[in-house]
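Counting begins at 1 with the first residue of the sequence. Quick note: numbers below take in every heavy atom, side chains included, and nothing from hydrogens, waters or symmetry partners.
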Amino acid sequence: MLVTVQRRKTQLGGENLTDARCPERFGATMGRSMSTFDDPFDADRELTRSTCVCGRHRSIAEHEHAEHALRCEPVAVSEEKRYEGVVASAVMRAVFPQDAARRAFLKSVGAATALAALSQFFPLKLATEAFADAGPPEKKDLKVGFIPITCATPIIMAAPLGFYAKQGLNVDVVKTAGWAVIRDKTINKEYDAAHMLAPMPIAISLGLGANAIPFTVPAIENINGQGITLAIKHKDKRDPKDWKGMKFAIPFDYSMHNYLLRYYLAEHGLDPDVDVQLRSVPPPEMVANLRADNIDGFLAPDNICQRAIYDGVGFLHILSKEIWDGHPCCSFAASREFITTAPNSFAALTRAIVDATSYAAKAENRKQIAEAIAPANYINAPVTVLEQVLTGTYADGLGGVKTDPKRVDFDPFPWQSFAVWMLTQMKRWGQIKGDVDYKAVAEQVYLATDTRKVMAEMGLTPPAASYKSFAVMGKTFDPEKPDDYLAGFKIRKSS
């Protein structure tokens with residue numbers, strides 16, 4: 001898991017298991033069941049509501065009191081302790097897969113005794129040495145391209161907050177103008193890896209819009225994190241049935257933005273290829289186009305939506321999570337060739353991204369992250385705009401202030417059912433002709449098995465399965481029956 005080693009500068013670290021003074025220090029979970037980023041040595045995980053930045057106290061208030069009285073500072077964690085924590089955490093999860101049994105055991109004996117008990121039955125020292133002795137990166141100096149949007153948060157923040165450096169990498173994250181440029185520079189090997197829209201590696205692998213080149217998704221960058229924004233002049237047109245003839249921007253044809261907007265319009269009886277105009281516009285140019293009256297609205301990343309509100313030219317009609325809560329948005333992508341020629345570099349990159357995603361998933365870190373990614377060489381946006389997106393307390397452009405802490409969230413696991421759903425939409429709107437082997441494509445591109453292994457090695461709890469069902473606007477998607485799902489849509493592109 002992650003601890004903070006220096007104030008304002010993130011270090012990656014495992015749990016400091018030799019310190020049993022505060023076993024509940026690893027983060028609030030709001031009463032939910034164990035998820036990817038919960039700590040298995042936290043006996044009171046379901047009861048804890050908030051934690052401090054140093055990891056020693058039950059609440060922020062308790063931390064602040066101690067800080068004034070005792071000059072509380074974060075505890076540094078050595079590299080050896082980091083790997084010890086990762087390995088011990090993984091073993092703990094394997095021994096106690098049931099949350100209730102784990103909590104009962106920890107409350108009975110404490111974290112330190114639990115670690116000692118594990119050490120008697122499992123060679124933690126040898127396993128720690130083996131884990132820490134991963135092969136050195138074949139290539140340490142890497143370039144990773146990104147579009148300046150909050151969807152790229154883990155990729156961007158991993159540079160200023162030290163996540164890449166901790167993996168022995170010197171990564172130059174390169175701000176890029178548009179998605180076609182990202183695609184072309186990655187294909188041409190100007191970038192070693194890139195921030196891509198979640199459907200893009202599928203499209204590239206299938207040869208849609210470019211020559212077919214095998215690409216992969218080892219990690220999802222963000223879930224949710226988009227919204228439909230309309231120009232202020234349309235504030236009385238809240239019913240999509242009134243949108244006929246309007247012009248909407250999307251970032252790219254092969255994007256969740258395109259598929260979700262089409263889905264939303266079709267569910268309201270509009271044919272997106274007949275009743276409205278859809279235009280591909282790079283996200284950084286969307287607000288200017290809205291201001292110039294070139295478009296009536298867009299489905300875009302949340303920071304673009306919030307910037308339109310901040311500039312007084314638009315209002316938020318709906319969050320994308322209201323269409324599909326938990327949908328993927330962007331991904332961390334790399335070519336198969338990069339994985340083959342530089343497997344250790346690829347593995348180190350993936351670990352850095354997963355670690356950064358874990359850090360970004362914690363609400364208490366979001367303001368720090370907003371400051372880190374705001375500068376001109378990253379997103380180039382006012383910190384207040386990014387805070388509204390990342391914290392989920394935001395102005396809606398209609399005079400209201402709303403709160404939704406899951407407006408955008410971060411979970412790296414590349415569910416292969418996500419890829420299958422995207423393929424159904426590619427077929428629905430004529431991007432793919434003929435039959436498609438959904439699972440073969442999904443499993444070639446979305447590396448759930450590899451990511452599961454990396455996450456387990458890092459002491460996280462990846463999902464046991466690679467496929468799951470979910471609902472989009474109330475319509476259940478079963479990844480085992482994609483053609484049945486596709487056949488259920490009345491509005492689709494005629495073949």
message: Is there a side-chain contact between P272 and I491 in this structure, where contact means two heavy atoms from C-beta onward sitting under 4.5 Å apart?
response: yes
- request: Output yes when a side-chain donor or acceptor of N224 lies under 3.5 Å from a complementary backbone atom of G326, and no otherwise.
  value: yes
message: Any non-hydrogen side-chain atom of R428 less than 4.5 Å from a side-chain atom of Y485?
response: no
task: Applying salt bridge (Lys or Arg N to Asp or Glu O under 4.0 Å), run through E480 and K439 and close with a yes or a no.
output: CA-CA 9 Å; E480 298 295 327; K439 283 197 170 183; 2.9 Å; yes
query: Is there side-chain contact between C330 and I149, with at least one heavy-atom pair below 4.5 Å?
result: yes
message: Using a 3.5 Å distance criterion without hydrogens, assess whether the side chain of E221 forms a donor-acceptor pair with backbone atoms of I155.
response: yes
statement: Nearest heavy-atom approach of T350 to P218 is OG1-CB, 4.0 Å
field: Under-4.0 Å salt bridge between K237 and D296
entry: no
- request: Please answer whether the main-chain N or O of A465 pairs with a side-chain N or O of R452 as donor and acceptor at a distance below 3.5 Å.
  value: yes
query: Are any side-chain N or O atoms of R407 and backbone N or O atoms of T391, one a donor and one an acceptor, separated by less than 3.5 Å?
result: no
Distance-only side-chain donor-acceptor flag, E443 / Y467, under 3.5 Å: yes
task: For side chain to side chain contact (heavy atoms under 4.5 Å, CB included), just list the numbers for Y394 and I309, CA-CA rounded to whole Å, side-chain angles, deciding distance to a tenth of an Å, and then say yes or no.
output: CA-CA 10 Å; Y394 61 94; I309 294 168; 5.6 Å; no
query: Can you find a heavy atom in the side chain of Y378 that is under 4.5 Å from one in the side chain of F146?
result: yes
query: Could you give the distance from CG (N258) to CD (Q431), rounded to the nearest 0.5 Å?
result: 6.0 Å
- request: Go through K166 and D355 one step at a time and tell me if the salt bridge (Lys or Arg N to Asp or Glu O under 4.0 Å) criterion holds.
  value: CA-CA 10 Å; K166 196 64 178 179; D355 269 336; over 6 Å; no
- prompt: Ion pair present between D409 and K321, side-chain N to carboxylate O less than 4.0 angstrom?
  reply: no
- request: Could you tell me whether the side chain of N289 and the main chain of N294 form a donor-acceptor pair under 3.5 Å?
  value: no
- prompt: Do V174 and K185 have side chains that get closer than 4.5 Å, going by heavy atoms?
  reply: no
- line: Between the CD atom in E190 and the CD1 atom in I182, the distance rounded to the nearest 0.5 Å is 11.0 Å
task: Report yes if some heavy atom in the side chain of S320 is under 4.5 Å from a heavy atom in the side chain of H257; otherwise report no.
output: no
query: Which atoms form the tightest heavy-atom contact between L169 and L349, and what is the distance?
result: CD1-N, 3.7 Å
- prompt: When you look at M196 and T186, which way does the side chain to side chain contact (heavy atoms under 4.5 Å, CB included) test go after all the steps?
  reply: CA-CA 10 Å; M196 286 189 178; T186 311; 3.9 Å; yes
message: I want to know whether F470 and W415 have ring centres closer than 6.0 Å.
response: no
task: Report, as yes or no, whether the 6.0 Å neighbourhood of atom NZ on K140 holds more than 12 heavy atoms from other residues, nucleotides or ligands.
output: no
More than 12 heavy atoms from other groups under 6.0 Å of NZ on K453: no
task: Measure the CG-CD1 distance between D411 and I223 for me, rounded to the nearest 0.5 Å.
output: 5.5 Å
query: More than 12 non-hydrogen atoms from neighbouring residues, nucleotides or ligands closer than 6.0 Å to CG on N211, yes or no?
result: no
Shortest non-hydrogen contact between F252 and A180, atoms and distance: CE1-N, 3.9 Å
statement: Rounding to 0.5 Å, atoms CG (L386) and CZ (R307) come to a distance of 9.5 Å
- line: The reported gap from OG1 in T150 to CD in Q226 (rounded to nearest 0.5 angstrom) is 9.5 Å
Over-ring placement of K475 relative to F489, 6.0 Å and 45° cut-offs: yes
query: Can the positive tip of R238 be found less than 6.0 Å from the middle of the six-membered ring of F315, inside 45° of the ring normal?
result: no
task: Could I get the full list of salt bridge (Lys or Arg N to Asp or Glu O under 4.0 Å) partners for E285, not counting sequence neighbours?
output: none
task: May I ask you to decide if V472's main-chain N or O and Y263's side chain share a donor-acceptor pair within less than 3.5 Å?
output: yes
query: So, does E387 use its side chain to make a donor-acceptor pair with the main chain of A370 at under 3.5 Å?
result: no
message: Please check this pair: side chain of D396 against backbone of L398, looking for a donor-acceptor N/O pair closer than 3.5 Å.
response: yes
task: Report yes or no: do H317 and Y264 form a side-chain donor-acceptor pair below 3.5 Å?
output: yes
- request: For Y310, look at atom OH and say whether over 12 heavy atoms of other residues, nucleotides or ligands are found less than 6.0 Å away.
  value: no
- request: Quick one: closest heavy-atom pair of G227 and L316, and the distance?
  value: CA-CD1, 4.1 Å
statement: Paired with I202, the side-chain contact (heavy atoms from CB on, under 4.5 Å) test is passed by just one of L208, L423, I432, L197, namely L423
Check: Q416 side chain, Y446 main-chain N or O, donor-acceptor pair, under 3.5 Å: yes
field: Donor-acceptor contact below 3.5 Å, side chain T216 vs main chain A334
entry: yes
Heavy-atom closest contact (R366 atom, L390 atom, distance): NH1-O, 2.6 Å
field: Any side-chain heavy-atom pair of V287 and V313 under 4.5 Å
entry: yes
query: Mind checking whether F418 and W324 have parallel, tilted or perpendicular rings, split at 30° and 60°?
result: perpendicular
query: Looking just at side-chain N and O atoms, do W179 and Y254 make a donor-acceptor pair shorter than 3.5 Å?
result: no
task: Might you confirm whether atom CG of D435 has over 12 heavy atoms from other residues, nucleotides or ligands at distances under 6.0 Å?
output: no
query: Can you check whether S331 reaches P414 side chain to side chain, under 4.5 Å on heavy atoms?
result: no
message: So for atom NZ, which belongs to K247, do other residues, nucleotides or ligands contribute more than 12 heavy atoms lying within a distance under 6.0 Å?
response: yes
message: Could you check whether R336 and S205, counting side-chain N and O atoms only, form a donor-acceptor pair closer than 3.5 Å?
response: no
field: Where at least one partner belongs to residues 250-273, residue pairs that pass salt bridge (Lys or Arg N to Asp or Glu O under 4.0 Å), sequence neighbours excluded
entry: R262-D273
task: Start with the C-alpha distance between W429 and Q425, add both sets of side-chain angles, then the distance that settles side chain to side chain contact (heavy atoms under 4.5 Å, CB included), and finish with yes or no.
output: CA-CA 6 Å; W429 303 114; Q425 301 308 296; 3.7 Å; yes
- request: Could you check whether the rings of F248 and W243 sit parallel, tilted or perpendicular, using 30° and 60° as the cut-offs?
  value: tilted
query: When rounded to the nearest 0.5 angstrom, what is the spacing between CD1 in I204 and CD1 in I187?
result: 4.5 Å
- request: Decide side chain to side chain contact (heavy atoms under 4.5 Å, CB included) for F163 and V171; before the verdict, give the C-alpha distance in whole Å, the side-chain angles of both, and the deciding distance to 0.1 Å.
  value: CA-CA 10 Å; F163 289 81; V171 175; over 6 Å; no
- request: Work out which heavy atom in L161 is nearest to a heavy atom in I369; give both atom names and the distance.
  value: CD1-CG1, 4.4 Å
